[in-house]
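Everything below concerns the one structure shown next.
FYI, the numbering just counts along the sequence from 1.
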Amino acid sequence: MEIILPSIAQRLSPLRKEKGLKQKEMAELLNCTVQHYQRMEYGKVNLPATTVIFLADYFGVTTDYLLGRE
């Protein structure tokens with residue numbers, strides 16, 4: 001079963017912009033291509049749990065917030 005979580009996409013871009021980062025910088029941080037990171041922000045790919053945890057820690061938010069479960 002494939003479930004895409006749009007709430008991550010809706011929250012990722014504002015969090016990135018708050019830190020003053022470009023998509024390229026986020027891609028480098030996550031060790032992925034810029035295109036793959038863009039697909040994350042557009043809600044086109046599902047993220048592994050480890051990536052969600054990393055992003056939550058990096059941005060100082062909860063995983064529930066990223067997943068839209070608040």
Side-chain angles (χ1 to χ4, degrees):
M1 173 170 60
E2 178 88 10
I3 299 173
I4 302 292
L5 299 170
S7 57
I8 290 177
Q10 293 168 351
R11 294 186 169 151
L12 205 49
S13 179
L15 288 169
R16 172 181 59 81
K17 290 176 183 176
E18 280 179 25
K19 283 205 176 247
L21 298 171
K22 298 184 184 304
Q23 289 180 337
K24 180 181 179 189
E25 294 168 313
M26 286 301 299
E28 290 170 359
L29 181 70
L30 295 170
N31 197 29
C32 67
T33 66
V34 174
Q35 292 81 9
H36 185 74
Y37 180 76
Q38 288 171 336
R39 289 194 302 266
M40 288 182 200
E41 278 198 6
Y42 301 145
K44 301 293 182 186
V45 295
N46 283 316
L47 304 179
T50 53
T51 302
V52 174
I53 292 167
F54 175 83
L55 289 169
D57 289 346
Y58 182 77
F59 289 118
V61 297
T62 65
T63 54
D64 279 350
Y65 173 78
L66 285 179
L67 297 171
R69 297 181 54 87
E70 277 193 330

**Report entry** Test salt bridge (charged side-chain N to carboxylate O under 4.0 Å, His left out) applied to R16 - qualifying residues, sequence neighbours left out
**Finding:** E41
**Report entry** Non-hydrogen side-chain atoms of L15 and L66 separated by less than 4.5 Å
**Finding:** yes
Requested in this report: For residues F54 and L29, determine if any side-chain heavy atom of one lies less than 4.5 Å from a side-chain heavy atom of the other.
Outcome: yes
Requested in this report: Write down the atom of G68, the atom of S7, and the distance for their closest heavy-atom approach.
Outcome: N-OG, 3.4 Å
Query raised in the report: After noting the C-alpha distance and the side-chain angles of M40 and L30, does the key distance pass the side-chain contact (heavy atoms from CB on, under 4.5 Å) rule?
Result: CA-CA 11 Å; M40 288 182 200; L30 295 170; 4.0 Å; yes
Query raised in the report: Is the NZ atom of K24 crowded by more than 12 outside heavy atoms at less than 6.0 Å?
Result: no
Query raised in the report: Are side-chain heavy atoms of V61 and R11 found at a separation under 4.5 Å?
Result: no
Report summary line: Minimal heavy-atom distance between G43 and A9, with the atoms involved, is N-CB, 3.3 Å
Query raised in the report: Rounded to the nearest 0.5 Å, what separation is found between the CD atom of Q23 and the NZ atom of K17?
Result: 8.0 Å
Query raised in the report: Got more than 12 heavy atoms from elsewhere within 6.0 Å of CG, N31?
Result: no
Report summary line: Closest heavy-atom pair, M26 versus L21, reported as atoms and distance to 0.1 Å, is SD-CD1, 3.6 Å
Requested in this report: First locate atom OG1 of T63, then atom CG of L55, and finally report the distance between them rounded to the nearest 0.5 Å.
Outcome: 11.0 Å
**Report entry** Derivation and outcome, side-chain contact (heavy atoms from CB on, under 4.5 Å), residues Y37 and L12
**Finding:** CA-CA 10 Å; Y37 180 76; L12 205 49; 3.5 Å; yes
